[in-house]
S.K.: 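If you scroll down you'll find the structure; I have some questions about it.
So that the names make sense, note that chain A is the first sequence line, chain B the second, and so on, each numbered from 1. A quick note: this is a predicted structure, and the numbers were derived from the prediction, not measured.
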Number of protein chains: 2
Amino acid sequence: MEYDQLKLDQQICFPVYAASRLITKAYQPLLENLGLTYPQYLVLMVLWETDSLSVNGIAERLILNTNTITPLLKRMEAHGLLERQRSSEDERRVIIKLTDKGTELRHKAAEVPIRLMEGFSGSDLSQNEITALKETLLKMIELLK
Amino acid sequence: MEYDQLKLDQQICFPVYAASRLITKAYQPLLENLGLTYPQYLVLMVLWETDSLSVNGIAERLILNTNTITPLLKRMEAHGLLERQRSSEDERRVIIKLTDKGTELRHKAAEVPIRLMEGFSGSDLSQNEITALKETLLKMIELLK
DNA sequence: TATGAATATATCGTGCACGATAAAAAAAGT
DNA sequence: ACTTTTTTTATCGTGCACGATATATTCATA
């Protein structure tokens with residue numbers, strides 16, 4: 001029987017999976033200086049743009065399950081980066097607000113993506129390819145959501 | 001101060017991360033029928049192509065740490081999918097061999113990638129885009145390894 | 001006004017995934 | 001032949017990530 005479709009090199013899923021982990025790995029030393037993990041950094045990027053979001057709002061933005069977000073936010077709260085407050089308007093909701101410490105990290109984090117992209121410049125990965133990659137991934141994400 | 005480079009929509013890392021998890025999620029119901037998790041399925045794809053690999057050989061193929069692979073293989077051995085054997089030629093190495101059960105799963109798994117790709121056909125994601133995506137990801141992987 | 005449906009968060013359990021470290025075996029160097 | 005270095009796997013600890021389930025609150029319906 002033919003099994004070509006089961007060959008690892010024939011998969012699209014595997015390079016996405018491998019690239020994702022390698023990117024996270026590449027971020028790790030840069031984020032370690034800020035006392036952050038990669039998922040924590042993603043949460044902060046969301047909150048730096050839009051403070052006072054609900055747990056569900058952050059989960060939707062990051063396309064993560066709320067049962068992943070809740071423990072993540074609790075750890076960040078323990079680190080003094082944000083505060084969790086039950087909404088008085090709708091008691092089902094928990095509103096997440098940055099602390100001064102969480103806000104101030106934004107300044108230090110500003111160079112992180114620049115440093116990360118430095119690893120790609122000067123390579124044979126063109127800006128056009130990166131742009132096209134992102135657009136195709138966004139289409140794929142829409143299909144899979 | 002300008003923080004555009006910290007906007008989530010400006011990142012290439014986030015769509016890769018999100019797409020990876022959504023792809024894994026999409027596989028989950030298909031693999032559940034076979035009693036497999038996604039990482040276990042990746043291991044089997046490697047072994048179906050080349051049996052009798054070392055732990056390190058599988059780790060290299062999947063670009064995973066050996067301390068991720070070892071517990072994964074132990075769980076698969078517990079499920080009777082493979083056997084782990086210390087090499088007599090080099091006792092540092094553990095050789096992984098498929099059992100009959102592990103080999104037979106290949107037949108059932110043959111339709112998994114086909115079913116997964118069905119979700120993309122008929123969409124506005126062309127085959128050319130998927131091919132280009134894969135090539136760019138492979139370049140990125142080479143840079144990050 | 002009461003009931004059922006929907007929504008939001010939290011907990012539990014399990015499976016990864018990786019940094020750090022340890023131990024054993026093989027290879028390299030003197 | 002002995003010592004040092006390198007390689008391979010394993011363990012520990014921690015941080016996710018998700019399926020399933022539970023609880024509380026709000027919304028929709030009768």
S.K.: Rounded to the nearest Å, what distance is computed from the CG atom of residue B:Asn33 to the P atom of nucleotide D:dG19?
M.R.: 15 Å

S.K.: At what distance, to the nearest 0.5 angstrom, does CG of A:Leu8 lie from CG of B:Leu44?
M.R.: 11.5 Å

S.K.: Using heavy-atom distances to pick each residue's nearest nucleotide on DNA chain D, tell me which of B:Asp90 and A:Pro71 is more 5'.
M.R.: B:Asp90

S.K.: What is the distance, to the nearest angstrom, from the OH atom on A:Tyr27 to the C1' atom on C:dC18?
M.R.: 18 Å

S.K.: B:Leu64 near the nucleic acid: base, sugar-phosphate alone, or nothing, with a heavy-atom cut-off under 4.0 Å?
M.R.: sugar-phosphate

S.K.: Across the strands shown, which category fits A:Ser54 at heavy-atom distances under 4.0 angstrom: base, sugar-phosphate, nothing?
M.R.: sugar-phosphate

S.K.: Give a yes/no answer on whether the side chain of B:Arg86 brings an N or O atom under 4.0 Å of OP1 or OP2 in C:dA24.
M.R.: no

S.K.: Between CG of A:Leu133 and CG of A:Asn128, what distance do you get to the nearest 0.5 Å?
M.R.: 12.0 Å

S.K.: I want to check one thing: is the phosphate of D:dA24, taken as OP1 and OP2, less than 4.0 Å away from some side-chain N or O of A:Arg92?
M.R.: no

S.K.: Within less than 4.0 Å of OP1 or OP2 of C:dA10, is there a side-chain N or O belonging to A:Arg93?
M.R.: no

S.K.: Under 4.0 Å between a side-chain N or O of A:Tyr17 and OP1 or OP2 of C:dA17?
M.R.: yes

S.K.: Does B:Thr66 put a side-chain nitrogen or oxygen below 4.0 Å from OP1 or OP2 of D:dT9?
M.R.: no

S.K.: Quick one, B:Leu73 and B:Val94 - any side-chain contact, counting heavy atoms below 4.5 Å?
M.R.: no

S.K.: According to a hydrophobic-cluster definition based on side-chain heavy atoms being under 4.5 Å apart (Ile, Leu, Val, Met, Phe, Trp, Tyr only), do B:Tyr27 and A:Tyr3 belong together?
M.R.: yes

S.K.: If I take atom CG in residue B:Leu72 and atom P in nucleotide C:dT14, what distance separates them, rounded to the nearest angstrom?
M.R.: 17 Å

S.K.: Side chain of B:Ser121, backbone of B:Glu118: donor and acceptor closer than 3.5 Å?
M.R.: yes

S.K.: Determine, using the 4.5 Å side-chain heavy-atom cutoff (strictly less than), whether B:Ile23 and B:Leu34 are members of one ILVMFWY cluster.
M.R.: yes

S.K.: Given that B:Asn67 and B:His79 both sit by DNA chain C, which one's nearest nucleotide is further toward the 5' end?
M.R.: B:His79

S.K.: More 5' along DNA chain D: B:Val94 or B:Lys25, using each one's nearest nucleotide?
M.R.: B:Val94

S.K.: Between A:Thr68 and D:dC16, does any side-chain N or O lie under 4.0 Å from OP1 or OP2?
M.R.: no

S.K.: Rounded to whole angstroms, how far apart are CD on B:Glu60 and P on D:dT7?
M.R.: 11 Å

S.K.: Take the protein atom CG of B:Asn65 and the nucleotide atom C1' of C:dG15, then report the distance between them rounded to whole Å.
M.R.: 16 Å

S.K.: Indicate whether OP1 or OP2 belonging to D:dC18 is found under 4.0 Å from a side-chain N or O atom of B:Arg21.
M.R.: yes

S.K.: Rounding to an integer number of Å, can you tell me how far A:Asn56 CG sits from C:dA10 C1'?
M.R.: 13 Å

S.K.: D:dC16 C1' sits how many Å from A:Ile63 CD1, rounded?
M.R.: 17 Å

S.K.: Round to a whole Å and report the spacing from CZ of B:Arg84 to C1' of D:dT8.
M.R.: 13 Å

S.K.: With a 4.0 Å limit, can you tell me whether B:Lys74 has a side-chain N or O closer than that to the phosphate oxygens OP1/OP2 of C:dG15?
M.R.: no

S.K.: On the nucleotide D:dT11, are OP1 or OP2 found under 4.0 Å from the side-chain N or O atoms that B:Thr70 carries?
M.R.: no

S.K.: Between D:dC16 and A:Gln40, is there an OP1 or OP2 to side-chain N/O distance shorter than 4.0 Å?
M.R.: yes

